Amino acid sequence: MVNGITTLEQRQVMVQIEELIQSNPDYSGVREELESLQFIPQTDTPDYAIWVQPDLQILVMLRINLGGGYSGYRVASFEELAPVER
């Protein structure tokens, strides 16, 4: 359990976001869905977007193409992005 959320709950939302992005070729549709899931835009420019869901500790990064589609994306937990100390 991470800050009151379960890893299972976090993974379920991450899978939901992956499916959403893969089934929606237009960024405006993805943006609306992320907002409805209480994601907060950290950066939303014509080139790339970064959205965060702090309660579930999920980060969504999208590289946006000219015309509104996207060329790549990543959905990750905060833990996955934390630097590894050696």
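Keep in mind it's a predicted model, so treat the numbers as computed, not measured.
Every pair passing salt bridge (charged side-chain N to carboxylate O under 4.0 Å, His left out) that includes a residue from residues 12-37 is listed here, sequence neighbours excluded: R31-D44.
Rounded to the nearest 0.5 angstrom, L66 CG and S71 OG are separated by 11.5 Å. Between Q38 atom CD and I58 atom CD1 the span is 12.0 Å, to the nearest 0.5 Å. A distance of 8.0 Å separates CD in E79 from CD in Q57, rounded to the nearest 0.5 Å.
When the side chains of ILVMFWY residues are joined at heavy-atom separations under 4.5 Å, either directly or via intervening members, V60 and L56 end up in a single hydrophobic cluster. Residues I64 and I50 are members of separate hydrophobic clusters, defined by side-chain heavy-atom contacts under 4.5 angstrom among Ile, Leu, Val, Met, Phe, Trp and Tyr. Hydrophobic clustering, with ILVMFWY side chains joined whenever heavy atoms are under 4.5 angstrom apart, keeps L34 apart from L59. Each of Y73 and Y48 belongs to its own hydrophobic cluster when Ile, Leu, Val, Met, Phe, Trp and Tyr are linked at side-chain heavy-atom distances under 4.5 angstrom.
Scanning both residues, L20 and V30, for their nearest heavy atoms gives CD2-O, 4.3 Å. Heavy atoms only, all atoms of each residue included: A49 and Y27 are closest at CB-OH, 3.2 Å.
Other residues sharing a hydrophobic cluster with V15 under the 4.5 Å side-chain heavy-atom criterion for ILVMFWY residues do not exist; the residue is a singleton.
Residues satisfying the side-chain contact (heavy atoms from CB on, under 4.5 Å) criterion with R11, sequence neighbours excluded, are T7, M14, S77, E80.
Inter-residue side-chain proximity for I40 and W51 is flagged as unmet; no heavy-atom pair is nearer than 4.5 Å.
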